[in-house]
Amino acid sequence: MRIITLSSGSAGNCTYLESDKSKILIDVGLTGKMAVNLMAMANIKANEIDAIFVTHEHIDHIKGVGVLSRKYDIPIYANAKTWLAMQAKIGKIASKNINVFKSNTFFSFRDLDIRNVSTFHDAADPVFFVFYQKQQKISILTDTGIVSSPIIDAVRDSNILILESNHDEKRLMEGPYPQSLKYRIRGEYGHLSNDMALEIVDELAQAKGEKIILGHLSSTNNSKEIVYSGMETLLVNKGIKIGDDLDLEVSEEFKLGKLIDLGGDYS
Ligand SMILES: [Zn+2]
Ligand SMILES: [Zn+2]
């Protein structure tokens with residue numbers, strides 16, 4: 001499989017994943033136009049997308065879902081409560097393109113096995129996805145206030161882990177957001193802080209060449225430099241060499257990430 005973040009951050013999320021026989025998007029929290037432009041820059045053809053998988057109905061995950069589905073006749077997959085919550089926001093979808101999966105299940109799509117697991121987040125029925133093909137595993141864990149041991153177990157041994165590192169606690173609390181929003185973000189149903197991302201990587205890092213992409217950064221309450229240097233310090237202290245033992249990237253809003261290729265027979 002291979003994967004590229006088209007955009008990752010509090011203002012818009014969209015990730016492209018390709019396996020031997022599938023080309024999919026996980027969330028489209030950008031305008032349709034911007035998503036298509038970013039895809040073109042990465043040589044991805046919008047009319048070849050086989051499906052869009054939706055984690056939850058927040059606008060930074062669904063803004064362009066309806067537009068792309070209508071324009072390129074793309075099937076959308078979401079759970080029932082997410083469908084209900086997003087329907088009014090994404091506009092009319094052809095009934096043949098409406099697909100419903102059950103939360104906390106495994107299902108197959110073409111050559112992919114897909115697991116979805118509930119997150120702790122203030123949406124109708126939010127989930128994150130883990131993708132398996134052949135011996136490869138890719139997990140995309142964002143938009144959760146906390147991680148439970150089932151979540152940690154679900155993402156363990158991923159070849160690629162996209163992990164939320166949303167905010168620096170101090171910047172958030174001293175920043176311009178209203179008090180209520182600050183407490184929502186740092187709450188149990190909000191977003192993972194940099195410190196929580198560090199704890200998760202501390203638990204999961206194995207130095208077996210896995211690739212970790214930190215994402216869903218808040219542009220107001222975080223910076224790429226803080227996130228990278230914090231994680232670099234942790235890994236150095238663990239005796240893990242970035243680049244040799246493990247790859248580390250930080251993805252950005254409205255900016256193509258690096259294509260990360262685990263290998264495959266792409267069609
Ligand atoms: Zn969200
Ligand atoms: Zn989000």
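We count ligands from 1, going down the list as the structure has it; atoms in each ligand are counted the same way. All heavy atoms count here, side chains included; hydrogens, waters and symmetry mates do not.
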Query raised in the report: Is the Zn ion (ligand 2) less than 2.8 Å from at least one N/O/S atom of His191?
Result: no
Requested in this report: Confirm or rule out an N/O/S atom of His61, from backbone or side chain, lying less than 2.8 Å from the Zn ion (ligand 2).
Outcome: yes
Query - Asp143: its N/O/S atom lying closest to the Zn ion (ligand 2) (atom name) - result: OD2
Query raised in the report: Of all the N, O or S atoms in His58, which one sits nearest to the Zn ion (ligand 1)?
Result: ND1
**Report entry** Member of Phe53, Trp83, Phe101 meeting the ring-ring contact (aromatic ring centres under 6.0 Å, His included) criterion with Tyr77
**Finding:** Phe53
Report task. Look only at the side chain of Glu57 and the backbone of Ala85, and say whether a donor-acceptor pair between them is shorter than 3.5 Å. Result -> no
**Report entry** 4.5 Å side-chain heavy-atom contact, Asp202 and Lys238
**Finding:** yes
Query raised in the report: Should Asp50 and Lys21 count as an ion pair when the cut-off is N to O under 4.0 Å?
Result: no
Report task. Just give me the atom name: the N, O or S atom of Asp60 closest to the Zn ion (ligand 2). Result -> OD2
Query raised in the report: Should the pair Phe131 and Phe129 be assigned to parallel (<30°), tilted (30 to 60°) or perpendicular (>60°) ring geometry?
Result: tilted
